Structures are given as structure tokens and as C-alpha cells.
Amino acid sequence: MNTNWTVKSIRDSVNGGSVTALSIVDEALRRIEEKDGEIGAFLEVFATDARKAAKEVDARHAKGEVDLPLAGVPIALKDNMLVMGHIASAGSKMLADYRASYTATVVTRLQAAGAIIIGRTNMDEFAFGSSTESSAFHVTKNPRDTSKVPGGTSGGSAAAVAAGMIPAALGSDTGGSIRQPSSLCGVVGMKPTYGRVSRYGLIADGSSLDQIGPIATTVEDVAIVLSIIEGKDSHDATSVVLDDLTSENVSSDLAGVRIGVPKEYFIDGMDEDVAARIHEAIETLKKGGAEIVNMSLPLAPYALPAFYIIQPAEASSNLARFDGMRYGNRGEGAIEESYRSARGAGLGAEAKRRIMLGTFILSAGYYDAFYKKAIAVRAAMKMEFDAALKKVDVIVGPVSPIAAWGIGEKMDDPVSMYLADVFTVSANILGIPGISVPCGTAHGLPVGLQILGKSFDDNRVLQVAAAFEALHNAS
Ligand code: GLN
């Protein structure tokens with residue numbers, strides 16, 4: 001079991017009857033017990049519920065359900081996805097005692113497929129950050145080097161998978177929060193096209209940017225989990241009718257595939273070793289039969305400033321409900337004082353910073369100067385990327401300009417933390433799919449190759465990722 005702790009292998013052995021779902025869950029609980037004291041990936045492990053759910057999967061098996069697509073697979077959830085009756089805190093003290101009154105659609109779909117929800121993982125408060133250090137609860141360490149951050153904001157999910165505690169987890173990605181921790185921890189993580197996966201039951205960050213997606217150790221496992229959670233949901237009007245994903249045996253043929261390499265994805269200040277790994281990855285894709293097309297996306301440098309206008313604007317509006325009245329721990333005093341004390345005590349520094357930035361950006365007089373300009377940049381970028389993606393099938397580059405940094409290193413410098421997102425935010429601004437696939441190490445720490453595709457062409461992104469993974473593993 002130690003050698004092959006993948007979604008596919010677990011699913012096949014449970015369906016084949018060689019192991020029970022209960023024994024898999026007990027093994028996951030044992031691994032978490034053994035490793036999580038050091039890593040701190042989990043905020044809570046649902047041991048009792050997970051064992052009960054595993055027995056139910058075993059009972060379904062006994063009744064003849066022998067082809068459940070995720071039979072007995074333990075999956076962890078980032079702490080911003082709701083499971084009825086369980087706490088969902090979004091990494092915030094504000095919601096430390098909040099219990100969900102309904103279950104997220106992604107969770108219902110995982111459970112129907114036979115997966116076992118094993119617990120909730122640490123994250124930056126309300127998904128603001130890039131290192132998971134903004135969590136109100138504890139720091140999560142990078143399993144590849146415990147003096148380093150795991151990335152963020154889905155750092156708990158990526159670390160739990162990278163440490164081999166669980167085969168897969170869900171994260172959410174508003175500006176890179178699935179891809180960047182996956183890159184820094186050396187696992188595979190995908191942000192699907194905006195609309196592919198329902199956000200019903202996801203605590204909102206930036207509503208025009210948010211998307212849920214899987215983190216696992218192989219591209220195939222990511223594809224399997226994504227094929228279960230995707231699709232139209234009447235509870236989320238932005239979700240669309242699809243069901244077109246190749247769940248496994250993703251074709252890894254690169255013949256005829258055109259891959260764009262924008263020069264703007266190699267910038268001053270980027271770590272040279274990281275850049276070297278990305279150039280080698282591009283060489284590998286070329287040797288594998290892909291056609292490499294050097295290109296320019298002149299508006300790409302505007303993605304980060306536009307993101308840090310749009311995201312706080314949307315997040316500050318979404319966070320208004322956490323006032324101690326509608327949601328969150330109650331404050332003290334008469335109404336205005338009560339709001340002030342609830343938010344003052346319940347929210348951390350980064351959340352307050354985003355609320356202030358967002359409120360400022362949306363204020364009369366500043367709306368036109370900031371928000372409207374950022375929306376115009378978004379529209380112009382869309383035209384530029386659409387035109388580029390007519391000439392190529394996918395665009396590749398780095399996920400992060402640097403490998404994992406030391407715990408505490410950037411916490412006093414928000415702008416340098418924001419700069420970590422320079423290559424990931426475009427996918428959210430444009431709604432396009434993106435994946436991070438491991439492509440080697442820099443200074444002994446993992447580096448991820450980012451593959452971006454056209455909207456709803458998630459299959460193509462998975463195909464190129466699977467091809468790269470196979471070529472890279474063989475080299
Ligand atoms: N790092 C970005 C932010 O802090 C994106 C985070 C995310 O994707 N949730 O907003």
C-alpha cells in the first residue's frame with residue numbers, strides 16, 4: 001500500500017474486493033496521526049464520520065456496487081467547503097464555531113462516487129495569502145522542507161497530499177491557490193475553467209474568480225477527481241452543462257500540439273534555477289513532439305495589478321456578512337459597536353487589509369479610477385489571450401517565480417507576498433483552466449510547470465500535463 005497510494009489504485013482495489021474502504025480509511029488515519037503533528041496540514045480530522053462512511057461504502061460494495069469511481073478514496077477538503085454539521089472556518093477565528101447547515105455540491109458528488117471525506121485542511125484566512133501563514137490557527141509546513149512554507153492558500157490540502165497522508169484533496173483557486181501550493185509542495189493541482197465546477201457551499205472569496213479543483217500526486221488522479229465534481233448544478237448559476245472530461249487514460253500524445261511560450265513569463269527577479277527547470281520542461285515537450293511557438297502577451301504584466309483591485313473589491317463585499325449578526329462570533333455592545341468588536345476581534349491583519357482596500361476601491365470617486373480601469377484591463381487581456389489561444393493549444397510557463405520560501409520570511413511584506421502570484425492570476429482573471437505539474441527542483445525544492453488552456457478545453461490541459469509527466473518521469 002505504501003508504494004502506490006493513488007486515487008486510481010485505491011479505487012481499483014476497493015472495487016476489486018482485495019481491500020475494504022474501512023482498511024483504507026484506517027490507513028489514512030494512521031498516516032495522518034504519524035505525520036501531521038509535524039506538518040500541520042489538518043485543522044480537523046473527521047475520524048468517526050470517515051470510518052462510518054467507509055463502512056457504508058463497504059456495504060454498497062457488498063450489495064453489488066463494484067464500480068464506484070472513487071470507492072474508498074480518502075479526500076480532504078480545504079476548510080472553506082461546507083459539510084453539513086461540521087465546522088467550516090475558512091481559516092478564520094470569526095468562523096471558528098460556525099457549523100454548516102448544508103453540504104457543498106462537490107462534497108455530495110464525491111460521496112456519491114464512494115469517496116470518504118477525511119477532514120478539513122488549513123488555509124490562509126478567507127483564502128487571502130500565498131503561504132497559509134495567514135491562518136488564524138497554525139502554520140502548515142512544507143513536507144519537502146519543514147522550514148519552508150507550503151504555499152497557499154490551499155497549503156493544507158497540498159501538504160497533506162505531498163506528505164502522503166491522503167491521495168487527493170480539494171482546494172479552491174481565486175488567484176493561484178491550488179496551483180501555487182501544488183507547485184511549492186511538488187504535487188499536481190488544477191484550477192478548472194470557471195463554470196466547470198459548482199461553488200455551491202464554497203465560502204466566497206472573489207466571486208468572478210473562484211473555482212474549486214483537485215490536488216493529487218498524478219495527472220490521472222486529478223482528472224479522475226475532476227470528472228466527478230464537474231458539471232451543472234442548479235444551485236450555482238455560473239456552472240455549466242459539461243461532462244466531457246476524459247477521466248482517465250488521458251491521451252498523452254503530443255504530436256500536432258502547439259505550445260505557446262510567452263516571453264513575459266520569464267521576468268527579472270525570477271529565480272534562475274526555477275527558470276532553468278521551466279526551459280528544460282519546454283525542451284522536454286519539444287522532444288516529445290510538440291511544436292513550440294515563442295510569443296508575446298504584452299498585457300500579461302497588468303494581470304497582477306488588475307487582480308489586486310478586482311479581488312479585494314469582490315472579497316470586501318463578500319465579507320460583509322461576517323459581522324457577528326448574520327455569521328460569525330457575536331461582538332459586544334450596541335449595534336455599531338457590536339459590528340466593530342466582532343470584526344475587530346474576529347478578522348486577522350490580511351483580511352482587514354483586503355476589506356479596507358476593497359472598500360476604498362469601490363468608494364465614490366475611486367470606483368472609476370481603480371475598479372473600472374481594472375475591468376477594462378480584464379476585457380483587453382481577454383481579447384489578447386483569446387487571439388493567442390487561437391494560434392496555440394496551450395500556453396506554458398512557471399507557476400511561481402520562486403521555490404518555497406522560509407516560514408515567516410514574507411509575512412511583514414504584503415507586496416512581496418502578492419508578487420508570488422504574478423504568473424497564476426491571469427487564469428482567474430480570464431476564467432481559463434490551468435494546472436501545475438512537477439518539473440524538477442530548484443535548490444532542492446519542487447518547481448511546477450504551469451499549463452494554461454482555452455476556456456472549457458480542460459481536457460487538452462490534462463492531455464499536455466499527462467504527456468509532460470510521462471516524459472519527465474522517464475527522463
Ligand atoms: N494569493 C492570492 C490572494 O491572496 C490568491 C489567493 C487565492 O487564490 N485564494 O488573493
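Note: hydrogens, waters and symmetry copies are ignored here, and every other heavy atom, side chains too, is used. Note that ligands are numbered from 1 as they come in the structure, with each ligand's atoms numbered from 1 the same way. Note that the structure is a prediction, hence the values are computed from the model and not measured.
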Qualifying residue for salt bridge (charged side-chain N to carboxylate O under 4.0 Å, His left out) with R199, from D236, D173, D205 = D236
task = Kindly determine whether I87 and R99 satisfy side chain to side chain contact (heavy atoms under 4.5 Å, CB included), including the steps that lead there.
result = CA-CA 4 Å; I87 288 175; R99 280 186 192 271; 3.8 Å; yes
Judging by distance only, is a nitrogen or oxygen of [X] under 3.5 angstrom from one on ligand 1?
X: D173; value: no
X: A127; value: yes
X: K78; value: no
X: F307; value: no

request  = Check the angle between the aromatic planes of F360 and F370 and answer parallel, tilted or perpendicular using the 30° and 60° thresholds.
outcome  = tilted
request  = Answer yes if the ring centres of Y418 and F307 are under 6.0 angstrom apart, and no otherwise.
outcome  = no
task = Taking the side chain as every heavy atom from C-beta outward, state whether P150 and P181 have any atom pair closer than 4.5 Å.
result = no
task = Using atom types as modelled and distance alone, determine if a side-chain donor or acceptor of T103 lies under 3.5 Å from a backbone N or O of M84.
result = yes
ask   = Okay, side chain of R109, backbone of E230: is any donor-acceptor separation there less than 3.5 Å?
value = yes
Proximal atoms of ligand 1 relative to [X] (non-hydrogen, under 4.0 Å):
X: S130; value: 1 (N)
X: F128; value: 4 (O)
X: G175; value: 5 (C), 7 (C), 8 (O)
X: G176; value: 8 (O)
X: D205; value: 9 (N)

ask   = Among P312, G206, G129, S177, which residue places a heavy atom closest to atom 8 (O) of ligand 1?
value = S177
task = Given side chain to side chain contact (heavy atoms under 4.5 Å, CB included), test R196 with Q211 step by step and report yes or no.
result = CA-CA 8 Å; R196 185 174 282 279; Q211 190 64 193; 4.2 Å; yes
Nearest neighbour in protein (non-hydrogen) for atom 2 (C) of ligand 1 = D421 OD2, 3.1 Å
message = Looking only at protein heavy atoms, which one is nearest to atom 10 (O) of ligand 1, and what is the separation?
response = R354 NH1, 2.8 Å
inquiry  = Test side chain to side chain contact (heavy atoms under 4.5 Å, CB included) on N318 and S207; report intermediate values, then the result.
reply    = CA-CA 8 Å; N318 279 327; S207 301; 3.0 Å; yes
query = Should we say atom NZ of K373 is surrounded by more than 12 heavy atoms from elsewhere, each under 6.0 Å from it?
reply = no
message = Heavy atoms only, cut-off 4.0 Å: how does F126 contact ligand 1, side chain, backbone, both, or neither?
response = neither
request  = Using a 4.0 Å heavy-atom cut-off, say whether V425 meets ligand 1 through its side chain, its backbone, both or neither.
outcome  = neither
ask   = Going by heavy atoms, is Y308 under 4.0 Å from ligand 1?
value = yes
